[in-house]
Every structure is written in structure tokens, then in C-alpha cells.
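All remarks here apply to the structure that follows.
Below, each value reflects all heavy atoms present in this structure, side chains not excepted, and no hydrogens, waters or symmetry copies.
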Amino acid sequence: MDVGMMMVFASYGWEDCSDQRVWDEEIRLARLAADLGFDCLWSAEHHFNDYSFVPDNLQLMTYLSALCPDIDVGTAAVILPWHDPLRVAEQVIVLDNLSKGRLRFGMGRGLAQREFHAFRLSMDESRGRFDEAAQMIIDALKTGFIEGDGPFYKQPRTELRPRPGHSFDGRIYAVASSEDSVRSAARLGAHMVMFADRPWEMRLPAIEHGRTLHREFHGTKPPHLMLTEFCICGTDLAKTEEEARQYQGKFVESNFYHYEFLGEHFKTVKGYDAYQQKAEIARQAGLEGAVNGFMQAASWGTPDKILRGLEARRALLGHYELNVAFRFGGTPFEVSERGLRLFAKEVLPVVKSWHPVAAKAAAE
């Protein structure tokens with residue numbers, strides 16, 4: 001199993017936590033993960049708020065690829081509607097060439113109304129912009145030329161320099177949190193990226209649908225799903241449950257705030273129907289219910305408990321790649337570092353020995 005570490009860059013939940021401290025702590029954890037045997041360092045892209053602030057994850061990963069030369073780097077994800085596809089393609093090529101082919105390029109379309117507003121963009125256009133830009137960029141990474149004649153990007157055919165130095169086959173990822181995003185990821189031939197925010201049994205139909213669509217579009221075996229989650233790991237089960245309820249709970253609270261899940265705007269925004277359903281569930285269940293669902297999906301507890309949970313998830317979903325965050329929701333640095341070190345010592349060697357298996361549901 002391939003296992004990465006997710007970098008969130010959040011200050012929501014911490015008291016008197018400067019932006020510089022946030023970045024220093026995340027970089028310290030990244031260096032630890034690289035030394036302790038993780039396969040990839042991943043980062044979100046978010047702007048302007050305590051929820052997460054890493055406005056240029058390609059720039060960050062260029063730095064980390066030099067700081068940590070023996071680990072892959074990845075974007076989870078570059079939010080394409082907020083960028084010019086030509087510039088994204090250029091940045092991706094430069095980073096990949098500098099890192100000697102160690103970049104895993106992940107893309108998303110964005111969800112936070114507040115971020116779209118700051119970029120002077122309409123969320124109604126996010127699906128069209130993403131689909132158009134994603135295909136332009138993937139084609140450019142294959143051919144070294146970028147062009148487009150869609151409604152959003154009238155791009156004259158242009159050669160990119162430096163030229164791509166490495167194939168991106170198997171290194172394209174796309175966030176797939178809604179039905180149309182699942183279809184989009186399958187059409188692109190990308191690894192689907194999902195986040196641990198609800199019980200995995202609820203996600204299984206969409207995952208299987210994405211795998212079916214990939215086979216229909218490409219006639220090949222679909223790439224492994226990547227699951228991004230938020231982990232509290234320790235030796236005392238009762239203590240870690242208390243910590244998980246506090247810090248995973250605070251992270252869920254930050255999601256409610258940042259994405260405005262209790263608002264009404266998802267009803268009218270084009271292409272976000274699935275999030276309106278999630279918003280309705282959030283309103284009905286309340287924060288406590290959302291935290292309970294989150295804790296069913298995410299990993300917390302002793303290494304043995306976490307391993308049993310990951311194994312059960314593997315039996316349900318089939319083989320997957322794993323991307324684990326240890327700093328979120330006000331987690332003190334010592335708790336994040338403790339969890340990272342213990343996970344690397346007792347969980348990582350076991351899961352990295354697991355070989356691909358089919359999902360139980362598919363096998364039946």
C-alpha cells in the first residue's frame with residue numbers, strides 16, 4: 001500500500017497560533033514523514049482563512065522536493081477554476097522536471113463560496129472550467145503543447161518550455177466527492193481522491209460507479225482510489241478517543257464554517273446538488289451527528305485499532321492509497337508528532353506489506 005502524509009496548514013482550533021507557526025509545524029512534520037518512510041507529501045490548496053491557508057501548493061512542493069529528495073510530492077489538490085491552465089501546466093512541468101518525476105498531480109474544482117467570491121468567480125462555472133482546464137493540462141503534459149477552444153479558455157496552440165521530461169501515466173489524481181466529480185475523474189483516467197468525512201459504506205456505490213465508468217471510458221483497469229483522512233494515534237485508547245472527539249470534532253466544525261454547509265446557497269449553485277444533500281444531512285444531524293459520522297470514517301486509537309479499521313475498509317472498498325493528516329482541528333504539535341511517529345513505527349510497515357485486493361462487494 002502506498003501511504004502519504006497530508007498537510008492542511010490550518011490555525012482553526014488553536015489559540016494565538018501565528019501563520020508562521022502553522023507553516024513551521026507543517027514543514028517539521030513533512031521532514032519527519034520523509035525520514036520515517038512515507039511515500040508522498042501532499043497538500044491542499046486553500047486561501048484567506050484559518051480553515052487552511054496554502055495558496056500555492058505547487059510552489060510549496062517545489063520547496064519540499066528539494067528539502068526532502070527521497071519522497072514523492074503531490075497536490076491534493078490544485079483548484080483549477082482559480083488558475084489559468086497554461087500557467088498550471090508550466091508550473092507542473094517545472095516542478096516535475098526539477099524533482100526528476102516525483103510529482104503526483106491532483107486537481108479539484110473547489111467548494112467554498114467565500115474563496116470563489118474572492119477570486120471574482122461564479123461557482124456556477126466551476127464544473128465547466130474544471131473539465132475544460134483539466135483536459136487541456138493533461139494533454140499538455142503528454143504532448144508539450146497546450147491549446148483550447150472551449151467557452152472558458154480560448155488558448156492558441158503553444159509549445160511549453162521546458163518540455164515535459166517524464167510521463168505522467170499513473171500520476172494524475174482528481175477529487176471525486178460528488179457524482180459529477182466521480183464521472184469527471186473517470187473520464188480523465190485519474191485516481192479518484194476522497195476524504196474521510198462519512199462512513200465508507202455510504203461511499204461504496206460512488207466508488208464502484210467510478211470504477212465502472214473508468215472501464216467504459218478507457219477499457220483498462222481503474223487506478224487505485226486515494227483516501228485522505230485525519231488521524232489521532234496513541235497508546236491509550238480512552239485518551240485517543242477523547243482527543244479524536246476534540247480535534248476531529250473541531251475539524252468538522254471548521255468544515256461547517258468554511259464551506260457554509262448550513263447555508264442555503266447549494267440549492268441554487270449549478271453542479272453542487274450532492275452538497276445540498278450533504279447540507280441537509282448536516283442540518284438534520286447537527287454538529288454532534290456530523291462528528292460521529294466523521295469518527296466512523298477516520299482513523300483514531302491505538303495502532304492495533306487503526307490497523308483493524310484500515311483492514312476492514314480494504315475488505316469493503318478494495319485496495320487503496322492512503323493519505324493521512326496528523327495536524328488539524330487544534331491538535332497540539334506534540335500530539336501530531338506522537339501520532340506520526342507511532343503510526344510510522346507500528347502501522348506503516350504493516351499496511352505497506354499489503355498487496356492489492358478486490359473489493360468484497362465487487363468480488364461477490
* For L36 against L348, the heavy-atom pair lying closest together -> O-CD2, 3.6 Å
* **Criterion side-chain contact (heavy atoms from CB on, under 4.5 Å) on N49 and Y257, from CA distance to verdict** => CA-CA 10 Å; N49 290 284; Y257 163 73; 4.0 Å; yes
* To do: Using atom types as modelled and distance alone, determine if a side-chain donor or acceptor of H191 lies under 3.5 Å from a backbone N or O of G170.
  => yes
* **From NE2 (H355) to CE (M1), nearest 0.5 Å** => 11.5 Å
* **M5 and I71, any side-chain heavy atoms less than 4.5 Å apart** => no
* To do: Measure from the side-chain N and O atoms of S184 to the backbone N and O of D180, and report whether any donor-acceptor pair falls under 3.5 Å.
  => no
* Could you tell me if the ring centre of Y51 sits under 6.0 Å from that of Y259? => yes
* Distance in Å, L95 CG paired with Q59 CD, rounded so as to fall on 0.5 Å steps -> 11.0 Å
* Asked: Would the number of heavy atoms belonging to other residues, nucleotides or ligands and lying under 6.0 Å from NZ of K345 be above 12?
  -> no
* Asked: Does P156 offer a backbone N or O that forms a donor-acceptor pair with the side chain of T158 under 3.5 Å?
  -> yes
* Answer whether the closest heavy-atom distance between the side chains of L342 and P303 falls below 4.5 Å. => yes
* To do: Dump the intermediate steps for side-chain hydrogen bond (donor to acceptor under 3.5 Å, both in side chains) on Q135 and D131, then the final yes or no.
  => CA-CA 6 Å; Q135 194 62 62; D131 289 344; over 6 Å; no
* **Side-chain donor/acceptor of T143 to backbone N/O of D139, under 3.5 Å** => yes
* **Which atom of R313 lies closest to which atom of A297, heavy atoms considered** => NH2-O, 2.9 Å
* Asked: Using a distance-only test with no angle check, is there a side-chain donor-acceptor pair under 3.5 angstrom linking N57 and T75?
  -> no
* For residues W300 and R245, determine if any side-chain heavy atom of one lies less than 4.5 Å from a side-chain heavy atom of the other. => no
* To do: Assess whether side-chain contact (heavy atoms from CB on, under 4.5 Å) is satisfied between Q91 and V78, documenting all intermediate values.
  => CA-CA 11 Å; Q91 291 174 292; V78 174; over 6 Å; no
* Asked: Counting distance only, does the side-chain N/O of E26 pair as donor-acceptor with the main-chain N or O of F9 below 3.5 Å?
  -> yes
* Structure fact -> For G301 and I306 the tightest heavy-atom approach is O-CD1, 3.6 Å
* Asked: How far does CG of D50 sit from OG of S254, to the nearest 0.5 angstrom?
  -> 9.5 Å
* To do: Scan side-chain atoms only and decide if E321 and Y173 contain a donor-acceptor pair under the 3.5 Å cut-off.
  => yes
* Specify the closest pair of heavy atoms between T302 and T240, including all atoms of both residues, with the distance to one decimal. => N-OG1, 4.3 Å
* Asked: Below 4.5 Å, heavy atoms only, C-beta onward: do T212 and E216 meet side chain to side chain?
  -> yes
* Asked: Is the side chain of R171 donor-acceptor paired with the backbone N or O of L103 at a distance under 3.5 Å, no angle test?
  -> yes
* Given side-chain contact (heavy atoms from CB on, under 4.5 Å), test M194 with M226 step by step and report yes or no. => CA-CA 6 Å; M194 292 187 174; M226 185 172 82; over 6 Å; no
* Between W14 and R327, is there a cation-pi geometry (under 6.0 Å to ring centre, at most 45° from the normal)? -> yes
* Asked: Between F119 and W82, what is the ring plane arrangement, given parallel below 30°, perpendicular above 60°, and tilted in between?
  -> parallel
* Centroid-to-centroid, F105 to F168, below 6.0 Å? -> no
* Residue K221 excluded, over 12 heavy atoms near NZ under 6.0 Å -> no
* Answer yes if F261 and L287 sit in the same cluster of Ile, Leu, Val, Met, Phe, Trp and Tyr residues linked by side chain heavy atoms under 4.5 Å apart, and no otherwise. => yes
* Can you find a pair of side-chain heavy atoms, one from M7 and one from L29, that are under 4.5 Å apart? -> no
* Structure fact -> In short, S178 meets R109 closest at the heavy-atom pair OG-NH2, 3.5 Å
* T331 versus E337: any side-chain heavy-atom pair under 4.5 Å? -> no
* Tell me whether the guanidinium CZ or amine NZ of R28 lies under 6.0 angstrom from the six-membered ring centre of F333 and within 45° of its axis. => yes
* Asked: For the atom pair NZ (K305) and OG (S299), what is the distance rounded to the nearest 0.5 Å?
  -> 7.5 Å
* When the ring planes of F343 and F326 are compared, do they come out parallel, tilted or perpendicular, using 30° and 60° as the limits? -> perpendicular
* Structure fact -> Here the pair of heavy atoms bringing C231 nearest to V324 is CB-CG1, 3.4 Å
* Indicate yes or no for a side-chain donor-acceptor contact from E115 to the backbone of H47 under 3.5 Å, with no hydrogens or angles considered. => yes
* **Test item: E132 side-chain N/O and F152 main-chain N/O as donor-acceptor pair under 3.5 Å** => yes
* Give the C-alpha distance, both sets of side-chain angles, the deciding distance and a yes or no for side-chain contact (heavy atoms from CB on, under 4.5 Å) between S336 and E25. => CA-CA 9 Å; S336 302; E25 290 185 356; over 6 Å; no
* To do: Answer whether the closest heavy-atom distance between the side chains of W23 and V54 falls below 4.5 Å.
  => yes
* Output yes when a side-chain donor or acceptor of N97 lies under 3.5 Å from a complementary backbone atom of R163, and no otherwise. => yes
* Between Q155 (side chain) and I146 (backbone), is there a donor-acceptor pair under 3.5 Å? -> no
* Pair E288-N292, side-chain donor/acceptor within less than 3.5 Å -> no
* **R31 atom CZ, neighbour heavy-atom count above 12 within 6.0 Å** => no
